[in-house]
Asks: 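Quick one: the structure is below, and I'll ask about it shortly.
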2 protein chains.
Amino acid sequence: MRKAATIRDVAREAGVSVAVVSRVLNDGTGPVAQQTRARVVDVIERLDYRPRAAARELQQRSATAVGLVLADLANPFFARLADRVVGEARARGIHVVLLTTLEDSHLEAESIETLIGRSVGSVIATPTGGNVDRWARLVELGVNVVFVDREIDELPEVDVVAIHNDLSAEVATRHLLDLGHERIAFISGPLSTSTGRDRVAGFKRAMGNAGKVADDRLIHAIPFRGDAGGDAVSALLALPNRPTGLIVGNTAQVRSALRRVKQMAVDVPGELSLVVFDDNPWTELVSPPLTVVRQPIDMLAMHSVDLAVGRLRGSLPEPPRRIRVEAEFVQRSSSAPRSS
Amino acid sequence: MRKAATIRDVAREAGVSVAVVSRVLNDGTGPVAQQTRARVVDVIERLDYRPRAAARELQQRSATAVGLVLADLANPFFARLADRVVGEARARGIHVVLLTTLEDSHLEAESIETLIGRSVGSVIATPTGGNVDRWARLVELGVNVVFVDREIDELPEVDVVAIHNDLSAEVATRHLLDLGHERIAFISGPLSTSTGRDRVAGFKRAMGNAGKVADDRLIHAIPFRGDAGGDAVSALLALPNRPTGLIVGNTAQVRSALRRVKQMAVDVPGELSLVVFDDNPWTELVSPPLTVVRQPIDMLAMHSVDLAVGRLRGSLPEPPRRIRVEAEFVQRSSSAPRSS
DNA sequence: TTGTAAGCGTTATCAA
DNA sequence: TTGATAACGCTTACAA
């Protein structure tokens, strides 16, 4: 275990001062003679020298890392988001410090604290909905925060990248209405999340527009984790007047809901038409293949990283941005006209 | 944007020297009077002070981060591994810098370079199989490297956590043999990865033990990404003498293989019995539910982090460890006795 | 029990 | 075009 070369080693070896080495390292910080540069580059190569990130960060405020605070990597939606974020970040020479909250605001608080100590210049996050003051403090400390997928109304100073959640839910609902369904149920995430609230709102609006009242017993705003999705399905199907359509408004709940539907041997779409949020590799592999609302993960990731890195480099206008990208409705075989 | 308090601010405010503050920060580094400590803690609280990670890392060799270099987060196996690793790391007060290689050794090289600059004390990785010298250099620089899931024979100085890949493949193969299958095909990852090699070896051994020769045309060692899995399925089913059993030896290939099987309207398990590597949330949701070899992801993650953090803290014995955990064979409905 | 001061490896500001 | 040198915020001998 030999120890790594420092900038001083390079300087000595090349017969120049550290300042010169620093300049060739950070191209354009100052003048360096063509010949000197060549010699230095050569020595850097030979000594296999890499500047230490910690020293750089200590010196300048500049950070080369962004924090990524995700709800749950076991959820394929977030996993793919992480995948794209890491990819986009790398393309910009930035690395990603990953933290997960498991939808728990205490863990989220812990993550925020952690991030304050690290010198991340920006944070991309899917907030749980709590910790408003802590997020605010992070912003206050000069960290650029970008919320993706979800948002927090009380924090207008952070950037947001998301789909139109209300609209997407409305489209999904109208799809079932158009198929002749009247009793339509909606399973959503907790109303403490913006996605939960917005999607339920879209659902209600679509029902209202069709002259129907959304029966409250058909709306389940339930936790993401655990088997709440399954239980909601059981409850819905135990109703005297069963719904014939069901929208599962959050990926996190699709698996448990679907498993319960299968366990109960309910015919899809014969007895129950199903529309779920978020497309992923297996939604078309199950039978029947699922009708889905597909979020454009690449776009979400790209814009998030653009904002996070842009603000890092100070190349973005002041006012926070709220970027909306289009979700896509993909009809497959889990939804069909209501059988009379 | 007010600027964060430093250790000096705390010292001044508490009327002590920075050394004292540092000591209360790193409990046990030196003596501090009970009363003084209380005062300092109080000020820290009031000023909302957090030590800057960069400064700490610069000073001591101690790093509070580990690098995680994964093949592909879009693959649920790796995503769940990441999830568990992040969780285990957080429990130990360590954060995770995430990088992905997309199975590309150039991107892997880039990741290694990045990690050299960051002061990560340890790296957990699923190596592509290349970059032997670069991994070696990382080790040489004193970074603790832990390979998980895969390994590289030429690097005996790194820790490894994995299942018995040969054995698992053998079990899967014997399962199909026991069901009466004679022509069994095996799709695996590239032989440049240890998992590819070991699983194919296990397959061959099981076939040999049963007195059968593994027909080379029934073994496809193919890339992870893209639709190679699908193409392999097509090739296999186009054979004059079709296999009646198929083992897909890598998660990354399951989806494309399965999709092709469905497209070709092959009856599973009627015409083709299927066993695939790695269990995940949807394997039991497709129809028929898949017979799988399940890797104990929690164990893989836990041991990896144990090793990574243990070496960081210097609390582990010198010789590198090769930890093997048990895979579990889970029979579901995609495999059945050969129909004569 | 506390304080002083010397680094850790960079970048940035001035002079030369 | 180059070189000293002072930060950056923290830890850690070593003194007091």
Side-chain angles (χ1 to χ4, degrees), chain A residues 2-41 43-44 47-65 116-121 141-142 313, chain B residues 2-41 43-44 47-65 116-121 141-142 313:
Chain A
R2 77 173 186 273
K3 73 167 173 302
T6 77
I7 197 173
R8 245 179 289 269
D9 299 328
V10 175
R12 186 175 345 96
E13 191 76 11
V16 298
S17 74
V18 294
V20 173
V21 179
S22 177
R23 273 181 227 129
V24 349
L25 245 34
N26 319 20
D27 242 11
T29 329
V32 182
Q34 205 40 251
Q35 201 187 6
T36 318
R37 169 187 308 277
R39 200 168 62 243
V40 171
V41 167
V43 173
I44 288 179
L47 262 47
D48 211 359
Y49 162 77
R50 306 262 178 280
R52 270 207 35 210
R56 288 190 139 156
E57 283 169 14
L58 178 57
Q59 159 66 26
Q60 19 167 214
R61 287 246 97 85
S62 108
T64 56
I116 289 177
R118 308 292 318 167
S119 20
V120 294
L141 283 171
R313 312 219 203 276
Chain B
R2 75 175 189 272
K3 72 169 174 303
T6 76
I7 197 173
R8 246 178 289 269
D9 298 328
V10 176
R12 186 175 346 97
E13 192 77 11
V16 298
S17 75
V18 294
V20 174
V21 179
S22 177
R23 273 182 227 128
V24 348
L25 247 33
N26 320 18
D27 242 11
T29 330
V32 182
Q34 203 43 247
Q35 199 186 12
T36 319
R37 169 186 307 277
R39 201 168 62 243
V40 171
V41 167
V43 174
I44 287 179
L47 261 47
D48 210 359
Y49 163 76
R50 307 260 179 282
R52 270 196 51 199
R56 288 191 138 156
E57 284 170 12
L58 179 56
Q59 161 64 27
Q60 17 167 212
R61 285 248 97 85
S62 107
T64 57
I116 290 178
R118 306 293 318 171
S119 19
V120 295
L141 282 170
R313 310 219 203 278

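Reminder, nothing fancy here: chain letters follow the sequence lines and each chain counts from 1.
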Asks: Between atom CG in A:L58 and atom P in C:dC8, what is the gap in whole Å?
Replies: 14 Å

Asks: Can you tell me the distance, in whole Å, between the CG atom of A:N26 and the P atom of C:dT10?
Replies: 11 Å

Asks: Measure CZ/A:R50 against P/C:dT10 and give the value in whole Å, please.
Replies: 12 Å

Asks: A:T6 near the nucleic acid: base, sugar-phosphate alone, or nothing, with a heavy-atom cut-off under 4.0 Å?
Replies: sugar-phosphate

Asks: Rounded to 10°, tell me the angle between the two end axes of the helix from C:dT1-D:dA16 to C:dA16-D:dT1, each built from five pairs.
Replies: 40°

Asks: How close or far is atom P of D:dC10 from atom CD of A:Q59, stated in whole angstroms?
Replies: 15 Å

Asks: Might you point out which heavy atoms bring A:T6 and A:Y49 nearest each other, and give the distance in Å?
Replies: C-CE1, 3.5 Å

Asks: Could you check how far CZ of A:R118 sits from C1' of D:dG9, rounded to whole Å?
Replies: 14 Å

Asks: Mind checking what makes side-chain hydrogen bond (donor to acceptor under 3.5 Å, both in side chains) contact with A:R50, not counting sequence neighbours?
Replies: A:D48, B:E113

Asks: Could you tell me which residues satisfy side-chain contact (heavy atoms from CB on, under 4.5 Å) with A:V32, sequence neighbours excluded, listed by chain and number?
Replies: A:V20, A:R23, A:V24, A:T36, A:R37

Asks: So how far is it from A:R118 CZ to B:T64 OG1, rounded to the nearest 0.5 Å?
Replies: 4.5 Å

Asks: CD/A:E57 to CZ/A:R52 distance, rounded to the nearest 0.5 angstrom?
Replies: 11.0 Å

Asks: In whole angstroms, how far is the C1' atom of C:dG3 from the CD1 atom of B:I7?
Replies: 13 Å

Asks: Are any of A:R56's side-chain N or O atoms less than 4.0 Å away from OP1 or OP2 of C:dT11?
Replies: yes

Asks: Under 4.0 Å between a side-chain N or O of B:R52 and OP1 or OP2 of D:dC10?
Replies: no

Asks: Taking only residues two or more places apart in sequence or in another chain, which ones pass side-chain contact (heavy atoms from CB on, under 4.5 Å) with B:V18?
Replies: B:I7, B:R8, B:A11

Asks: Shorter than 3.5 Å, N or O on both sides, protein versus nucleotides 1-5 of chain D: list them out with atom names.
Replies:
{"from": "D:dT2", "atom 1": "OP1", "to": "A:T36", "atom 2": "OG1", "distance (Å)": "2.4"}
{"from": "D:dT2", "atom 1": "OP2", "to": "A:A33", "atom 2": "N", "distance (Å)": "2.7"}
{"from": "D:dG3", "atom 1": "OP2", "to": "A:S17", "atom 2": "N", "distance (Å)": "2.8"}
{"from": "D:dG3", "atom 1": "OP2", "to": "A:S17", "atom 2": "OG", "distance (Å)": "3.4"}
{"from": "D:dG3", "atom 1": "N7", "to": "A:R23", "atom 2": "NH2", "distance (Å)": "3.2"}
{"from": "D:dG3", "atom 1": "O6", "to": "A:R23", "atom 2": "NH2", "distance (Å)": "2.7"}

Asks: If you take all heavy atoms of A:P51 and A:R56, which pair is closest and at what distance?
Replies: CG-NH1, 3.7 Å

Asks: Run the side-chain contact (heavy atoms from CB on, under 4.5 Å) test against B:R12 and tell me which residues pass, sequence neighbours left out.
Replies: B:D9

